[in-house]
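See below for the structure under consideration.
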Protein chains: 2
Amino acid sequence: MYFSLFNEVGIINQLSSSLLERHLPHGLLVSHFSVLNHLTRLGDGKTPLQMARAFQVPKTTMTHTLAGLEKAGLIRFVPNPADGRSKCVMLTEAGANVRAEAIAAMGPDVATLSAVVPPERVAAILPVLEELRRYLDSARDAPQPPS
Amino acid sequence: MYFSLFNEVGIINQLSSSLLERHLPHGLLVSHFSVLNHLTRLGDGKTPLQMARAFQVPKTTMTHTLAGLEKAGLIRFVPNPADGRSKCVMLTEAGANVRAEAIAAMGPDVATLSAVVPPERVAAILPVLEELRRYLDSARDAPQPPS
DNA sequence: ACTATTTAGTTCGACATCGCACTATAATAC
DNA sequence: GTATTATAGTGCGATGTCGAACTAAATAGT
């Protein structure tokens with residue numbers, strides 16, 4: 001049954017990604033949107049490594065994603081005053097706008113979705129998913145116990 | 001909140017994939033395992049296109065995945081007697097063994113997981129996820145992913 | 001103070017995914 | 001029966017992801 005669970009999760013991830021990307025400016029992926037969203041909700045000034053950890057992706061992936069966002073003018077880097085090796089990621093106005101527009105563009109879809117799968121049900125499954133994620137996260141670096 | 005949902009789903013997908021791949025022979029990915037699993041549970045003799053649709057992936061992706069499995073000797077192709085353009089995917093003994101061994105190797109992990117997130121809770125959220133998937137699938141209208 | 005180790009970030013290479021264009025076969029039209 | 005259209009699968013190119021090795025800066029050990 002756990003296989004079915006992971007199977008569903010995989011397909012939902014695929015479908016939701018492509019659905020979201022349809023509402024983003026050309027060339028922007030979910031990974032880019034997620035970063036913009038993160039910076040908006042939790043405030044900018046984070047370092048790339050912090051964000052890599054937040055998204056559970058390798059830092060090389062974050063480097064790549066941030067490079068794309070900077071090239072598009074949606075974020076900019078400032079040196080980290082507390083650490084010469086590091087940078088701080090700052091959201092630009094263009095970046096905030098792109099995020100806001102994407103969310104607005106998704107409004108109708110979310111509305112339709114919430115009619116099919118009401119928020120209560122989502123709220124009901126979220127804690128389970130979070131727990132699942134925490135377990136998987138903890139099992140990520142811990143090899144299977146000796147048997 | 002739906003964003004959080006998709007975010008969790010994305011991370012869970014990532015983590016569960018790498019966890020599963022740790023128990024697969026070197027070079028085999030989740031996509032390969034999923035195909036072996038599918039052929040075992042639903043019977044072999046399916047065409048590549050049928051499988052592409054079942055997994056919601058473009059057919060080019062399925063071509064690639066199946067090529068890898070054939071190269072590893074885990075499946076083999078036979079011509080489709082009903083359609084000269086098509087093939088049938090057959091599971092080999094080696095393929096069935098690899099699947100069985102991977103599942104056995106995951107046993108302890110699944111056991112640990114089921115202690116943290118008991119089967120009842122998984123059973124409770126699966127229908128919601130399935131409904132979510134059905135909606136997303138139906139909303140995937142204009143473009144042509146598979147087929 | 002000086003060296004060793006750790007850490008932030010990048011570069012590079014490997015590879016999975018996927019869209020587009022193409023071939024071959026089947027189904028349909030007329 | 002031939003021409004048109006639709007379908008199954010593949011080759012190719014572009015791109016995202018990620019591991020390994022690298023550079024530079026910070027911290028720990030002595």
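Below, chain A is the first sequence line, B the second, and so on; all start at residue 1. Note that the coordinates shown come from a computational prediction; the quantities given were computed from them, not determined experimentally.
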Find which nucleotide of DNA chain D each of B/Cys88 and A/His32 is nearest to by heavy atoms, and output the residue with the more 5' nucleotide.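 This one resolves to B/Cys88.
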In terms of the nearest nucleotide of DNA chain D, which residue is placed more toward the 5' end: A/Thr65 or B/Thr47?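 Result of the comparison: B/Thr47.
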Would a line drawn from the ring center of A/Phe3 to the ring center of B/Phe33 be shorter than 6.0 Å?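 Yes.
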Distance-only polar pair, side chains of A/His38 and A/Asp44, donor-acceptor under 3.5 Å: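 Their side chains do not contain a donor-acceptor pair, so the 3.5 Å distance test is not met.
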What pair of heavy atoms forms the shortest contact from A/Leu5 to B/Leu126, and how long is it?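 Taking every non-hydrogen atom into account, CA-CD2, 4.0 Å.
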Of all the heavy-atom pairs spanning A/Thr47 and A/Ser86, show the shortest one and how long it is.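 Of all heavy-atom pairs spanning A/Thr47 and A/Ser86, the closest is CG2-OG, 3.5 Å.
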Atom-pair distance ([atom1] on [X]; [atom2] on [N]), nearest Å:
X       : N      : atom1 : atom2 : result
B/Asn13 : C/dT17 : CG    : P     : 11 Å
A/Leu66 : C/dT11 : CG    : C1'   : 16 Å
B/Leu28 : C/dA16 : CG    : C1'   : 13 Å
B/Gln50 : D/dA8  : CD    : P     : 9 Å
A/Lys71 : C/dT10 : NZ    : P     : 15 Å
B/Leu69 : D/dG9  : CG    : C1'   : 17 Å
B/Leu49 : C/dA24 : CG    : C1'   : 15 Å
A/Met62 : D/dG16 : CE    : C1'   : 13 Å

[X] side-chain N/O to [N] phosphate OP1/OP2 under 4.0 Å:
X       : N      : result
A/Thr63 : C/dG9  : no
B/Thr60 : C/dC18 : no
A/Gln14 : C/dT17 : no
A/Ser86 : C/dG9  : yes
A/Lys59 : C/dT7  : no
B/His64 : C/dT17 : no

Options [options], nucleotide nearest the side-chain atoms of [X]:
X       : options                : value
B/Asp83 : C/dT17, D/dA26, C/dA26 : C/dA26
A/Arg85 : C/dT7, D/dC18, C/dG19  : C/dT7
A/Ser31 : C/dG9, D/dG9, D/dT17   : D/dT17

Is there side-chain contact between B/Glu70 and B/Phe77, with at least one heavy-atom pair below 4.5 Å?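 Result yes, sub-4.5 Å side-chain heavy-atom pair found.
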